[in-house]
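Order of the sequence lines fixes the chain letters, A, B, ..., with proteins taken first and strands second; residue numbering starts at 1 for each chain. Below, all heavy atoms of this structure are taken into account, side chains as well, without hydrogens, waters or symmetry copies. Just so we're clear, the structure is a prediction, and the values are computed from it rather than from any experiment.
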Number of protein chains: 4
Amino acid sequence: MYYNSGQVSCPPKDPRMKSPATAHIPEEEEVAVNHRTIVGRKRRANTEAKIIEAALQVFAEKGRDAPVIDDFIKAAGIARGTFYNYFKSTSELLTATSTWLTDDLVESIEREIQGIPDPVIRHGMGNRLWMKKAESDPAWCGFVASIWFQGGFALKAPLRDIRLGIKSGGFACSDANVGYDMAMGTMRQGMIRLIAQSSPQKRKGYGDKIVEIILQGLGADPNKINQAMKLPLPDMRRPTRTVG
Amino acid sequence: MYYNSGQVSCPPKDPRMKSPATAHIPEEEEVAVNHRTIVGRKRRANTEAKIIEAALQVFAEKGRDAPVIDDFIKAAGIARGTFYNYFKSTSELLTATSTWLTDDLVESIEREIQGIPDPVIRHGMGNRLWMKKAESDPAWCGFVASIWFQGGFALKAPLRDIRLGIKSGGFACSDANVGYDMAMGTMRQGMIRLIAQSSPQKRKGYGDKIVEIILQGLGADPNKINQAMKLPLPDMRRPTRTVG
Amino acid sequence: MYYNSGQVSCPPKDPRMKSPATAHIPEEEEVAVNHRTIVGRKRRANTEAKIIEAALQVFAEKGRDAPVIDDFIKAAGIARGTFYNYFKSTSELLTATSTWLTDDLVESIEREIQGIPDPVIRHGMGNRLWMKKAESDPAWCGFVASIWFQGGFALKAPLRDIRLGIKSGGFACSDANVGYDMAMGTMRQGMIRLIAQSSPQKRKGYGDKIVEIILQGLGADPNKINQAMKLPLPDMRRPTRTVG
Amino acid sequence: MYYNSGQVSCPPKDPRMKSPATAHIPEEEEVAVNHRTIVGRKRRANTEAKIIEAALQVFAEKGRDAPVIDDFIKAAGIARGTFYNYFKSTSELLTATSTWLTDDLVESIEREIQGIPDPVIRHGMGNRLWMKKAESDPAWCGFVASIWFQGGFALKAPLRDIRLGIKSGGFACSDANVGYDMAMGTMRQGMIRLIAQSSPQKRKGYGDKIVEIILQGLGADPNKINQAMKLPLPDMRRPTRTVG
DNA sequence: AATGAATGAGAGTTCATTCAT
DNA sequence: GATGAATGAACTCTCATTCAT
C-alpha cells in the first residue's frame, strides 16, 4: 500500500465484512446462515451505508464538532434509536466516515503509483493524485482538510518514500520527519486555500504548484521535479467515493 | 511591522488602555475622570487579566472546544456573572486570549528583525524566533498550534517578505501564495510534532530544521540559508507572555 | 358559529387530530400507519394533554407571567426535556392552554344559541351563558379574565350580533365598536369582580346583572331585556372544560 | 376629591415633600437644615424625578413586566447602586410612576367638576375629561390602560357619583358595583382601542362616544345625557404630566 | 449620595442516551 | 432491527442585589 492510513478499515460494501461499528458482533455464532440472517445483514449494511453517506454531508457542512445526533438522523432519515444500533457516539461515526471516505482513494493512489521505481517521482505522483482529488472535489477537500487531518493523519507511504528518497540521494533533507512535516503541512495548507477559493479557474493547477514546492523543499533535483510534474496523471479506474 | 497579525490590540497592562472587552468604556473624552472611575478601571483591568490568564491554562489543557464557562470561572476564581461582564461567550474569550498571547511575541519578533535588510534572512530569522518560542514553551506551542492557527492565521509580515524575496530573486518560487502556504503549513506541522514530543532533547533544534527546510522550499540559495541559520538568535528583551 | 375565537383548534381528544403542538406530524398522507406510529401518537396526545391540564392549574394559581418551566414540569410530572418536546416556551404553552380551555365553551355556547332568531336575545343569552360559566367556575374565570382577555380577545359572534341588533333597531347605539367595547369591557370587569369575590352567595346572580347592564347600555328595549333575562338557561350538554 | 385613587402621593415637586421612596427618611433629625442638607435634598429630588421620568418611557415602551433594572438606569443615566437609593424594586418604581403620572390628572379633573351639583352630569364630565386625556396623549393612554389599571384601579369618586346618581334617581341601575364595573370596564376597553388606533382622526371623538354609552348603560335620561355631552370641556389649567 | 464591579441564585435550553413497543 | 417519546444532566445566560470606594 502506498497511501496507507493507520486505521484501515473496509467500507461496508460486502455485508459480510466487519466494519468498525459492527466489529463487536461475534462471528462464531454465525454457523447457521439462514435466510433471515442474510436479509438482516443486508438491512444492516444498507442502514449503515445510509448513515455514513448522510454523515459525510453533515460533517462537510457543519464541521467536526458542531453536528449533533439529530443532524445525522434527520439527514439519514432514520429514528433516534436506530443510530445507536450502529454507532455509540458521533466520534465513532466520524471515524467510520473518515475511513470510508479516504480508504479507497488511498488504495487507488497506491495502485496507480506502485509501479514507479524512483521514490522521488513516486512521491511526487502520489501527492499530485491526492491534490488532484482535492482540486476537483471541494466537499471531499473540505472534509479531509478540516476533519480527517485532525488527530491521526498518519500516512505511512509518503514517509517511507521520503526515507527512501533521502537514502538514495534523491532528496536532500536532513531529517525524514522534517521532510514529512513539510510535505503534509504544505498539502494541508494548500487544501485549506482550495476550500477558501471558490472560483474553479483559480483552483485549477494549484495542486501541482503545491506538489512542486514540496519536492523543492525536499531538495529534489530540478530536472527530476520537472519530470515528475510532466508525467500524465492517470485516470483512476474506479471513481473514488465522493461527499455528495 | 514584521509579524503583524490583523487585529493588533494591546494587553491590559495599563488600565487606561482599551482592551477588546473594555473597548466600550469612554476614555479621554470623558468629562470627569474622577477617583471612582480610576479605581473602577483598575479593577476591571485586573479582573480581565485574571480571566484571560486562567483561560490560557484552560484552553491549553482542554483544547479549543471542550471548555465550558464553568471551567473558566473556576480557574479564574470569579463568579458566573462576572464572566459575562467581560466576555459574551467562550469564543470571544478565545479570541481575546489568542490576541493577548500572540500579540506581544509578534511585536517582539518584529522589533528584533526590522533592522535586517535582506528579506530572505529576515524571513528566516523571524521564523526561527517563532519556532524557538515554540520549542521552549510547550504550553504556548500547544495553545497556538491548536487554537490560534484556526481560521485567521494571516500574518502579514511573512507574506510580504516572501513577496519581496521573490522579487529580489532571493526566493525561487512560482507563486507567493504557494510559498506562504508551504511556510505556514510546515511551521504548523512542526509545532504539532513539538507538542507530541515530550522529550526536551528531541525537541531541541527541531525548530531550526523546520526553518531550514522552509527556506529550501522557497528556493533560497544554500549559502544564504546557512547564513540565516548561523546568525545568533537574539534574546528578546522582555520575556514574552507564556501560558503557565 | 356564535362565540368564535379567531384561532379555533380542536383539543387533543382524538390522538389522530392535529393539535397545535403536534401539527407537524404528518397524517393521512402517511404511507404506513403502522402499529408503532399509532402507539406513539397516543403517547404524544396523552402527554400533551397532561401538560396542558397541569398548565391550567399553574396559570390559574400563579398568573400569566410568574410561572417558570419548572412549575409546569413539576405539576405535569414530566422531565424538563419532555416539556420542550411539546412547547418551545411558556408563552406557546399559554396559547395552547387558552385555546384548549375556551374553544369548546365557545362551541357549546354557539350550539345553544344558534336557534335564537332575534340578535338582541341571542346576544343576551350568549353573554349569560358565558357569565354563568364565570360565576360557577372561579378557576376558569380567573384564568380567562387574566390571560385570555390579553391581547386578542376578538370574539366575532358578539360583534356580529351587536351589528345586527343595531341594524334591526333592537339596539340603540351610535357605533358598533363602542357597543362592543362596552360589552367586552363590562364582562371583563365583572369577571375580575367575581374573582375577587370568594363568597358564592355574593357571586350568585352577578353575571346576570352584568348582562342586564350591557343590554341597557346597548340601548335595548326594557321589555326585551326582561325577556332575555327570563329565558331559562339551558344546561350545556357536555360539561365544558374546567381548570381543576 | 373627585377622581381619587386609593394611594395618593404627591409627586416630588417640592424637595421637602415625602415621596413614597423617601418616606423612610426620618424627619425628626432634620433640625439643622444647613446648606449641605438642602443641596442633598435637591439632588435627591432631582435624581428621583430623573428616574421616574425615565421609567415612564421605559414602561410605556416595554410594558409592565418586561423592563429590568438595567433599562431604568440606562434611561435615567444613573449607576446601578443609585437606583437602590430610591427604589427597592421595579414594582415600587412602578407604583411611584403610576402615582406620579395620574395623581395630578385626577386632581385637575376633580377641581374642574367639583362645582357641578348633579351627580349624573358630574360623572359624565369627569369621564369625558379622562377620555379626552386618553385621546390626546397616546403614551399616557398606553401606560394607564396597560399598567395603571392593573391591580388597583380603584377610583373612589366615580363610585360615589354612581351611588349618588342611583339614590337621586338619575341613574337606573340595580347595583352600584355593576354600574361601576360597566363604567370602568368600558373606559378601559375604549382606551385599549385608542392605543390600537394610530390614526388621530379615528381617535377623535371616540372618548365621547365611550362616555355616552356609559351614561346610557347607567340608565341616565337621554336628555340629561345630551346635556352632559354638550357641555364644553374646560381646558384644564395646568397641563398635566405627560409620558414623553 | 453616587458609583459600578462583583456576585450567585435561578431561569432557559440542548442533546446524548435509554427503553418500551 | 426499527422506532421515537421520555429522560435529566449539563450547559448557557440573566439580572436583582450588595458593597467597597
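The structure places CD of A/Glu48 at 11.0 Å from CG of A/Asn85, a figure rounded to the nearest 0.5 Å. Interatomic distance, C/Ile52 CD1 to C/Thr47 OG1, rounded to the nearest 0.5 Å: 11.0 Å. Taking CD1 from D/Ile73 and NZ from D/Lys50, the interatomic distance works out to 12.0 Å, rounded to the nearest 0.5 Å. Expressed to the nearest 0.5 Å, how far CG of B/Asp65 lies from CZ of A/Arg64 amounts to 8.0 Å. Rounded to the nearest 0.5 Å, atoms CZ (A/Phe87) and CD1 (A/Ile51) are 5.5 Å apart. In this structure, the separation between OH on C/Tyr84 and CD1 on C/Ile78 is 10.5 Å, given to the nearest 0.5 Å.
Across every strand in view, E/dG12 sits in a pair with F/dC11 that passes the Watson-Crick or G-U test at under 3.5 angstrom. Pairing for F/dT21 is with E/dA2, a Watson-Crick or G-U wobble pair whose two hydrogen-bonding atom distances lie under 3.5 Å. Across all strands shown, E/dT7 is found opposite F/dA16 as a Watson-Crick or G-U wobble partner, with both distances under 3.5 Å.
At F/dA2, one or more side-chain N or O atoms of A/Thr47 fall inside 4.0 Å of OP1 or OP2 (strictly under the cut-off). The phosphate of F/dG1 has neither OP1 nor OP2 within less than 4.0 Å of any side-chain N or O from A/Tyr86.
For the pair B/Asp65 CG and F/dC11 C1', the computed distance is 15 Å after rounding to whole Å. Between C/Lys50 atom NZ and F/dA5 atom P the separation is 14 Å, expressed in whole Å. Going from atom CZ of C/Phe87 over to atom C1' of E/dT13 covers 17 Å, rounded to whole Å. In this structure, A/Ile73 places its CD1 atom 11 Å from C1' of E/dC15, rounding to the nearest Å. Atoms CD (C/Glu48) and C1' (F/dG4) sit 16 Å apart, rounded to a whole Å. Following rounding to the nearest Å, C/Phe72 (CZ) and F/dG8 (C1') show an atom-to-atom distance of 19 Å. Between the CD1 atom of C/Ile51 and the C1' atom of F/dA5 there is a distance of 11 Å, rounded to whole Å. Remark: P of E/dT13 and CG of C/Leu93 are 13 Å apart, rounded to the nearest angstrom.
Residues B/Ile78 and A/Ser89 each lie close to DNA chain E; by heavy-atom proximity, the contact nearer the 5' end of the strand is made by B/Ile78. Of the residues near DNA chain F, C/Phe83 and A/Gly77, the one whose nearest nucleotide (by heavy atom distance) lies more toward the 5' end is A/Gly77.
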Review item, nucleotides 14-16 of chain F N/O atoms under 3.5 Å of protein N/O:
from   : atom 1 : to      : atom 2 : distance (Å)
F/dA16 : OP2    : D/Ile69 : N      : 2.9

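A donor-acceptor pair under 3.5 Å links the side-chain atoms of A/Ser89 to the main chain of A/Glu92, judged by distance alone.
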